[in-house]
Novice: 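I'd like to ask some things about the structure below.
Atoms considered below: every heavy atom in the structure, side chains included; atoms not considered: hydrogens, waters and symmetry mates. First the proteins, then the strands, lettered A, B, ... as listed; each starts at 1. It should be emphasised that the depicted structure is a prediction, and the values quoted were computed from it without experimental measurement.
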Protein chains: 2
Amino acid sequence: MKVTNEDNMLMMQRIENETIDLLLTDPPFGMDFQSNYRKIKHEKIENDNNLNWFPDWIKEIKRIMKQDAHLYIFCSWHKVEVFKTEIEKYFNVKNILIWEKNNTGMGDLTGDFAPKYEMIIFCSNGVKKLKGNRDSNIIKAKKTGNEYHPTQKPVNLMEYLIEKSTNINDLVMDCFSGSGSTAIAAYNTNRDFIGCEINKQFYDKAMERINNHLAQQKLF
Amino acid sequence: MKVTNEDNMLMMQRIENETIDLLLTDPPFGMDFQSNYRKIKHEKIENDNNLNWFPDWIKEIKRIMKQDAHLYIFCSWHKVEVFKTEIEKYFNVKNILIWEKNNTGMGDLTGDFAPKYEMIIFCSNGVKKLKGNRDSNIIKAKKTGNEYHPTQKPVNLMEYLIEKSTNINDLVMDCFSGSGSTAIAAYNTNRDFIGCEINKQFYDKAMERINNHLAQQKLF
DNA sequence: ACTACGGTTGAATCCTGAA
DNA sequence: GTTCAGGATTCAACCGTAG
């Protein structure tokens with residue numbers, strides 16, 4: 001397990017071709033997002049409000065993914081056309097999964113439906129099977145907190161996706177580690193993990209969370 | 001209520017500017033679709049496996065929609081980037097709704113998640129409020145049959161969307177009427193309806209369905 | 001001073017699930 | 001059972017500055 005505080009393009013430069021078994025990550029969505037309503041105020045997510053970085057990023061991802069590998073890339077419906085179009089240049093977009101949350105979000109209260117899901121673009125590099133039952137492309141998972149990051153992902157959702165697509169000791173990567181949920185999920189499912197988070201505050205909080213989790217596990 | 005057997009571009013040519021209160025339609029998705037597994041074999045949906053017609057179509061839609069109007073355009077995730085990008089040139093894409101079905105479809109049985117939803121691109125022309133409660137963007141509705149069309153929509157789903165976005169006697173349009181579900185839903189909710197279906201077999205079956213429905217209503 | 005414009009601020013909803 | 005909190009937003013109101 002290795003989590004660093006740096007830009008993910010720098011981290012990936014050090015990774016050899018065809019190394020990663022699974023990409024499971026939640027990139028910044030290219031939205032100028034900051035909730036003024038939260039009780040816990042987080043630093044605004046660094047975001048130039050566009051996705052200019054995306055083409056170079058996905059190209060570098062392609063280089064380091066193994067020949068038979070899965071990718072799960074979180075995405076809002078607002079920018080799904082940008083994500084999907086660019087990803088399809090390199091990978092086979094197999095599905096767009098719907099992560100259904102337990103509650104709805106804010107937004108236009110009278111002229112719109114309330115947001116209740118995020119999209120997850122599911123791709124394969126080459127051909128690879130999924131483990132276990134044939135589950136549906138709508139996945140219900142409770143949002144479990146935002147004490148480490150405003151868009152913190154539920155650990156059990158990440159564990160589920162890891163177990164659908166990898167074997168024990170496989171290498172899972174998350175380029176936008178955020179709260180560290182993916183790292184913890186990889187640890188819990190006995191997979192190896194590499195990831196980074198560019199924001200120092202989020203990185204520090206994630207490392208504290210991860211270290212606490214590892215310490216608790218060792219008590220048993 | 002008026003349903004014709006013709007190409008929808010011909011039908012729309014006869015409609016004056018800013019006439020339609022609600023567009024609720026399920027266009028051909030630009031996929032070469034034919035299930036070989038169905039018990040009921042339908043004629044293959046006419047489709048040149050691309051969406052070349054879409055830019056002209058949406059431009060014509062823009063012309064005939066009222067200044068404050070909603071649009072619901074069904075869409076598979078496979079081509080959502082094409083639909084969304086083109087629609088955004090003319091309308092405000094407010095949301096992508098998820099119609100969650102009660103059961104899953106076919107497709108890749110071992111390397112993919114099972115399809116359980118369709119997307120509905122929800123747009124507004126100008127500013128318009130929704131009626132009733134603030135519902136979420138995941139809408140559960142049972143698929144109720146495919147005896148009239150392979151992608152037949154549940155009448156209650158169409159009724160729900162019509163009632164969210166229109167008043168009694170408003171004019172609802174469905175350019176791709178298919179099984180006639182939208183027409184029946186408009187009738188049931190006391191809205192006016194205009195639509196067409198290019199395929200003679202689907203058109204005949206839909207008209208039979210609609211006429212039977214009207215006849216049954218008149219018994220009471 | 002008056003308007004036009006752009007950026008910032010804060011208020012609002014209802015459903016779900018945890019307590 | 002009942003309370004309670006929380007939410008990858010949008011909109012309108014309100015500034016400040018420029019023309």
Side-chain angles (χ1 to χ4, degrees), chain A residues 24-51 53-54 72-84 96-121 138-158 174-182 197-199 201-202 205-206, chain B residues 68 70 84 88 91-98 100 122-140 160 164:
Chain A
L24 176 52
T25 197
D26 177 32
F29 289 171
M31 301 158 66
D32 201 11
F33 164 72
Q34 172 62 7
S35 175
N36 289 319
Y37 200 73
R38 289 175 188 279
K39 286 190 178 158
I40 304 172
K41 297 281 181 193
H42 292 281
E43 196 171 320
K44 194 163 182 169
I45 296 175
E46 282 184 40
N47 207 326
D48 49 6
N49 201 19
N50 67 45
L51 291 169
W53 56 272
F54 198 82
Y72 296 91
I73 301 173
F74 282 69
C75 166
S76 157
W77 66 262
H78 294 85
K79 298 281 181 177
V80 63
E81 71 278 11
V82 183
F83 279 67
K84 179 165 179 284
I96 297 182
L97 310 181
I98 301 296
W99 166 34
E100 181 176 357
K101 306 177 199 179
N102 52 318
N103 53 9
T104 54
M106 316 292 288
D108 185 345
L109 298 175
T110 55
D112 198 4
F113 296 81
K116 195 169 193 274
Y117 70 87
E118 297 296 338
M119 293 179 177
I120 308 170
I121 300 183
I138 298 185
I139 303 165
K140 296 182 206 315
K142 290 171 199 162
K143 207 166 183 319
T144 44
N146 67 333
E147 62 272 32
Y148 299 103
H149 194 275
T151 68
Q152 193 171 324
K153 300 291 169 292
V155 171
N156 61 356
L157 173 62
M158 302 318 235
D174 184 352
C175 311
F176 303 96
S177 283
S179 64
S181 294
T182 314
E197 168 56 45
I198 194 171
N199 181 296
Q201 289 184 30
F202 292 140
K205 280 199 272 192
Chain B
D68 57 332
H70 280 159
K84 179 165 179 283
E88 278 178 336
F91 298 104
N92 180 17
V93 173
K94 298 278 293 182
N95 217 319
I96 297 182
L97 310 182
I98 300 296
E100 181 176 358
F122 169 56
C123 327
S124 76
N125 197 21
V127 175
K128 193 180 171 82
K129 304 281 184 205
L130 288 167
K131 316 275 176 193
N133 292 337
R134 185 168 194 248
D135 302 332
S136 93
N137 58 359
I138 298 186
I139 303 166
K140 297 181 205 318
Y160 169 76
K164 290 300 285 185

Novice: Do any N or O atoms from the side chain of B:Asn95 and from the backbone of A:Phe113 form a donor-acceptor pair under 3.5 angstrom?
Specialist: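 Checking the backbone N and O of A:Phe113 against the side chain of B:Asn95, a donor-acceptor pair under 3.5 Å is found.
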Novice: Mind checking if A:Asp112 touches a base, just sugar-phosphate, or nothing, with heavy atoms under 4.0 Å?
Specialist: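 Nothing, no nucleic acid heavy atom in range.
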Novice: Round to a whole Å and report the spacing from CD1 of B:Ile138 to C1' of C:dT16.
Specialist: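 Answer to the nearest Å: 13 Å.
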Novice: OP1 or OP2 of D:dG7 sitting under 4.0 Å from any side-chain N/O of A:Asn146?
Specialist: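 For D:dG7, OP1 or OP2 has a side-chain N or O of A:Asn146 closer than 4.0 Å.
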Novice: Can you tell me the distance, in whole Å, between the CG atom of B:Asn133 and the P atom of C:dT16?
Specialist: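 Interatomic distance, CG of B:Asn133 to P of C:dT16: 11 Å.
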Novice: Give a yes or no on whether the ring-centroid distance for A:Phe29 and A:His78 is below 6.0 angstrom.
Specialist: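 No: the rings miss the under 6.0 Å criterion.
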Novice: Just the rounded figure in Å: distance from C1' of D:dT10 to CG of B:Asn95.
Specialist: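 It is 12 Å, rounded to the nearest whole Å.
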Novice: For the residue pair A:Ile121 and A:Val80, what are the closest heavy atoms and their distance?
Specialist: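 So the two residues come closest at CD1-CG2, 4.5 Å.
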Novice: Report yes or no: is there a donor-acceptor pair, N or O only, under 3.5 Å between the side chain of A:Asn103 and the base of D:dA5?
Specialist: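 Under the 3.5 Å cut-off, the side chain and the base do not form any donor-acceptor pair.
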Novice: With a 3.5 Å cut-off and no angle check, do the side chains of A:Lys116 and A:Thr104 form a donor-acceptor pair?
Specialist: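 Distance-only check fails for A:Lys116 and A:Thr104.
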Novice: Do any N or O atoms of the protein come closer than 3.5 Å to N or O atoms of nucleotides 17-19 of chain C, and which pairs are they?
Specialist:
{"residue": "C:dA18", "atom": "OP1", "partner": "A:Lys142", "partner atom": "NZ", "Å": "2.4"}

Novice: Report which part of the nucleic acid A:Thr104 touches: base, sugar-phosphate, or nothing (heavy-atom distance under 4.0 Å, all strands).
Specialist: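 Base, at least one base atom sits under 4.0 Å.
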Novice: How close or far is atom P of C:dC15 from atom NZ of B:Lys140, stated in whole angstroms?
Specialist: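 Rounded to the whole Å, the gap is 14 Å.
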Novice: Rounding to a whole Å, what distance do you find between A:Glu118:CD and D:dG7:C1'?
Specialist: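 Spelled out: CD on A:Glu118 to C1' on D:dG7 is 11 Å.
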Novice: What base-paired stems does DNA chain C take part in, with at least 3 consecutive Watson-Crick or G-U wobble pairs and both distances under 3.5 Å?
Specialist: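 Paired runs of 3+ in DNA chain C: C:2-12 with D:9-19, C:14-19 with D:2-7.
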Novice: Can the ring centres of A:Phe202 and A:Tyr148 be said to be less than 6.0 Å apart?
Specialist: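 No.
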Novice: Quickly work out the A:Lys101 NZ to C:dT13 P distance and round it to whole Å.
Specialist: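 The distance from NZ of A:Lys101 to P of C:dT13 comes to 21 Å, rounded to the nearest Å.
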Novice: Of all the choices, D:dG7, D:dC11, C:dA12, which nucleotide is nearest to the side chain of B:Lys94 once you look at every atom?
Specialist: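 Among the listed nucleotides, the one closest to the side chain of B:Lys94 is D:dC11.
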Novice: With distance as the sole test, does B:Ser124 use its side chain to make a donor-acceptor pair with the main-chain N or O of B:Gly126 at under 3.5 Å?
Specialist: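 Confirmed, B:Ser124 side chain pairs with B:Gly126 backbone.
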Novice: Heavy atoms from C-beta onward define the side chain here; which of D:dC11, C:dT13, C:dC15 lies closest to that of B:Arg134?
Specialist: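 Closest nucleotide among those given: C:dT13.
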Novice: So which nucleotide from D:dT9, C:dC15, D:dA8 ends up closest to the side chain of A:Asp26?
Specialist: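 Ranking D:dT9, C:dC15, D:dA8 by closest atom to the A:Asp26 side chain puts D:dA8 first.
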Novice: Do the numbers put A:Lys101 on top of the ring of A:Trp99, so that NZ or CZ is under 6.0 Å from the six-membered ring centre and no more than 45° off the axis?
Specialist: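 Checked: cation-pi criterion met.
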Novice: Give the rounded distance in Å between these two atoms: CG of B:Asn137 and P of C:dT16.
Specialist: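 Atom CG in B:Asn137 sits about 13 Å away from atom P in C:dT16.
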Novice: To the nearest angstrom, how far is A:Leu109 atom CG from C:dG10 atom P?
Specialist: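 Rounded to whole Å, this separation is 18 Å.
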Novice: Kindly indicate whether the side chain of B:Glu100, heavy atoms from C-beta on, has any atom under 4.5 Å from the side chain of A:Ile98.
Specialist: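 Answer no - side chains too far apart.
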Novice: Just jot down the side chain to side chain donor-acceptor pair (under 3.5 Å) partners of B:Asn125, sequence neighbours excluded, or say none.
Specialist: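 Applying side chain to side chain donor-acceptor pair (under 3.5 Å) to B:Asn125 gives B:Lys62.
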Novice: Kindly give the heavy-atom pair with the smallest separation between A:Ala114 and A:Gly105, and that separation in Å.
Specialist: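 Closest heavy-atom pair between A:Ala114 and A:Gly105: CB-O, 4.5 Å.
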